[in-house]
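Values reported hereafter were calculated over all heavy atoms of this structure, with side chains retained and with hydrogens, waters and symmetry mates removed. The shown structure was predicted, so the numbers you read here are calculated from the model rather than taken from an experiment. Here is how names work: the chains are called A, B, and so on, in the same order as the sequence lines, proteins then strands, and each is numbered from 1.
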Amino acid sequence: MGAELTRRWFSRPAPIVAPALLGRHLVRRLADGTVCRVRIVETEAYEPDDPASHSYRGRTRRNGSMFGEPGQLYVYLIYGIHHCLNVVTGSAGHGGAVLVRAAEPLEGRRAMERHRGTTDPRALCRGPGRLAASLAVDRGSDGIDLLGSSELWLEPGEAVPADRISRTRRVGISVGADTAWRWVETGSRWATPTPTPTPRA
DNA sequence: TCCCCGATTAACT
DNA sequence: GTTAATCGGGGAG
């Protein structure tokens, strides 16, 4: 097996990187030195030819980092309230990214509880907005290089084997339902509920 | 400049 | 099940 979590590793297409990120550790060092560590259990892939992707209409001030180097962080604000954390994939300028939707808290739970205002462990990182809040990630962290940052980085952890990964349609997105996907560790209690098929019109 | 809507969440009924 | 919270992109005027 080749080296993991290198620039080249992230330069592959989002639908390849997304399932390969399951089981990996996302590590955050806060300003006071506290370390928070979570294990990724749910991801979604976005490519620039996807109408649901922020890169679909080209580069703007908001999505600029999505066109940066693979392995960079792309953080955006959704509904004016919640931040979502993405890892840039594909070659620089491509506009691919993987949204990290949920994770299992491993370390630094006290700090995450403080950030989230709850002690329910399942409510800490289950959902993209919650995960970003737990790790105190907002637009100020947009563009961070996850391969060279002492504030936020990825560690190999233990990849989830293919037979323990489920592929579903993405959450809250109807467009591209047959071509773009969400990946989740099968049966994980730390993931968001698996979406039900789109009801008949 | 105005208007609509979205890769969401929590607090309602 | 429904809705408010509230920011930024994009298209219409």
For A:Arg62 and B:dG6, is the shortest distance between a side-chain N/O and OP1 or OP2 below 4.0 Å?
no
Under-4.0 Å side-chain N/O to phosphate OP1/OP2 contact, A:Arg57 with C:dG11
yes
Under 4.0 Å between any heavy atoms, over every strand shown, what does [X] touch: base, sugar-phosphate, or nothing? Just pick one.
| X | result |
| --- | --- |
| A:Arg116 | sugar-phosphate |
| A:Arg170 | nothing |
| A:Leu77 | sugar-phosphate |
| A:Asn86 | base |

Between [X] ([atom1]) and [N] ([atom2]), how many Å, whole number?
| X | N | atom1 | atom2 | answer |
| --- | --- | --- | --- | --- |
| A:Arg61 | C:dG10 | CZ | P | 11 Å |
| A:Ile81 | B:dA7 | CD1 | P | 15 Å |
| A:Arg122 | B:dA10 | CZ | P | 13 Å |
| A:Leu124 | B:dA10 | CG | C1' | 15 Å |
| A:Tyr79 | C:dT3 | OH | P | 15 Å |
| A:Arg101 | B:dT8 | CZ | C1' | 9 Å |
| A:Ile78 | C:dG8 | CD1 | P | 12 Å |
| A:Asp138 | C:dC7 | CG | C1' | 14 Å |

Whether the A:Thr192 and A:Glu42 side chains hold a donor-acceptor pair (N or O, under 3.5 Å, no angle test) is what I'd like checked.
yes
Considering all heavy atoms of both residues, which atom of A:Ile165 and which atom of A:Pro19 are nearest to each other, and what is their separation?
CD1-O, 3.8 Å
Which value, in whole Å, describes the distance between the C1' atoms of nucleotides C:dG1 and B:dA7?
22 Å
Ion pair A:Glu155/A:Arg24, N-O distance below 4.0 Å:
no
State plainly whether the residues A:Arg39 and A:Glu158 are in salt-bridge range, i.e. N to O under 4.0 Å.
no
What distance separates A:Leu124 CG from A:Leu131 CG, expressed to the nearest 0.5 Å?
10.0 Å
Where the side chain of A:Arg130 is concerned, which of B:dT9, B:dT8, C:dG10 is the nearest nucleotide?
B:dT9
From the set C:dG9, B:dT8, B:dA7, return the single nucleotide nearest to any side-chain atom of A:Thr60.
C:dG9
Paired to C:dT6 by Watson-Crick or G-U wobble criteria (both distances under 3.5 Å) is none
